[in-house]
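Data first, discussion second: the structure below is written as structure tokens.
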Amino acid sequence: MPEQNPTTYPCRECQIGTLRPKQVSYFIRQGRQLVSVPDFPAWVCDFCGNREYDAGALAELNAMLENNRRTLRQPRRPRPKTDPEQPRPPADPRRRP
């Protein structure tokens with residue numbers, strides 16, 4: 001029985017090709033921005049091109065993006081608290097009901 005190379009796996013998508021480790025470009029949308037990561041580790045099928053990304057690398061990337069998102073987030077201004085006992089200002093008489 002021939003030995004299978006330990007760095008290849010059968011493709012789960014097409015079940016014909018072989019997944020091999022490769023460095024690919026990875027894209028993710030973060031809010032309104034598109035983030036591109038070159039040389040991202042993935043498993044790529046040599047037949048159908050299916051990509052399976054390395055779980056450890058994805059977790060590390062998500063942690064970095066989450067940390068960056070927290071530092072870039074603008075602090076919210078606190079809303080002024082209203083006192084229910086305080087009377088409301090009169091309505092603008094020019095405004096139609």
Side-chain angles (χ1 to χ4, degrees):
M1 184 165 151
E3 257 184 64
Q4 186 177 6
N5 187 347
T7 58
T8 63
Y9 300 96
C11 179
R12 294 182 232 177
E13 188 70 25
C14 69
Q15 299 179 356
I16 297 171
T18 303
L19 293 174
R20 300 179 192 282
K22 201 171 188 183
Q23 300 293 319
V24 298
S25 293
Y26 181 75
F27 299 95
I28 186 170
R29 185 171 296 282
Q30 187 78 8
R32 291 183 175 179
Q33 294 186 346
L34 182 66
V35 178
S36 171
V37 182
D39 301 326
F40 196 78
W43 295 88
V44 181
C45 177
D46 59 3
F47 184 77
C48 70
N50 179 41
R51 292 181 179 187
E52 293 186 15
Y53 298 102
D54 183 71
L58 280 174
E60 190 175 329
L61 175 64
N62 286 332
M64 286 189 290
L65 290 174
E66 180 64 26
N67 188 30
N68 188 42
R69 191 170 63 90
R70 285 184 190 150
T71 59
L72 293 178
R73 188 180 300 160
Q74 297 292 326
R76 290 186 177 181
R77 290 189 335 196
R79 281 188 169 177
K81 295 187 179 182
T82 57
D83 186 8
E85 308 263 331
Q86 187 177 11
R88 296 181 122 192
D92 188 356
R94 295 173 290 180
R95 193 167 170 211
R96 293 184 181 155

Quiz item: Would Leu58 and Val35 show up in the same hydrophobic cluster when neighbours are defined by side-chain heavy atoms closer than 4.5 Å?
Solution: yes

Self-check item: Co-membership, hydrophobic cluster, residues Val44 and Ile28, 4.5 Å side-chain
Solution: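 Yes, Val44 and Ile28 fall within the same hydrophobic cluster.
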
Exercise. Mind jotting down which residue pairs meet the salt bridge (charged side-chain N to carboxylate O under 4.0 Å, His left out) criterion with at least one end in residues 30-47? Sequence neighbours excluded, please.
Key: Arg20-Asp46

Self-check item: Smallest separation among heavy atoms of Ser36 and Pro38, with atom names
Solution: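 So the minimum-distance heavy-atom pair works out to O-CD, 3.7 Å.
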
Quiz item: What side-chain hydrogen bond (donor to acceptor under 3.5 Å, both in side chains) pairs are there with at least one residue in residues 51-65, not counting sequence neighbours?
Solution: Arg12-Glu52

Self-check item: Candidates Ile16, Leu19, Thr18 - the one meeting side chain to side chain contact (heavy atoms under 4.5 Å, CB included) with Cys45
Solution: Leu19

Quiz item: Can you name the side-chain hydrogen bond (donor to acceptor under 3.5 Å, both in side chains) partners of Arg29, sequence neighbours left out?
Solution: none

Quiz item: Partners of Gln23 by side-chain hydrogen bond (donor to acceptor under 3.5 Å, both in side chains), sequence neighbours excluded?
Solution: none

Quiz item: What is the ring orientation for Tyr26 with Phe40, classed by angle as parallel under 30°, tilted 30 to 60°, or perpendicular over 60°?
Solution: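 Correct class here is parallel.
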
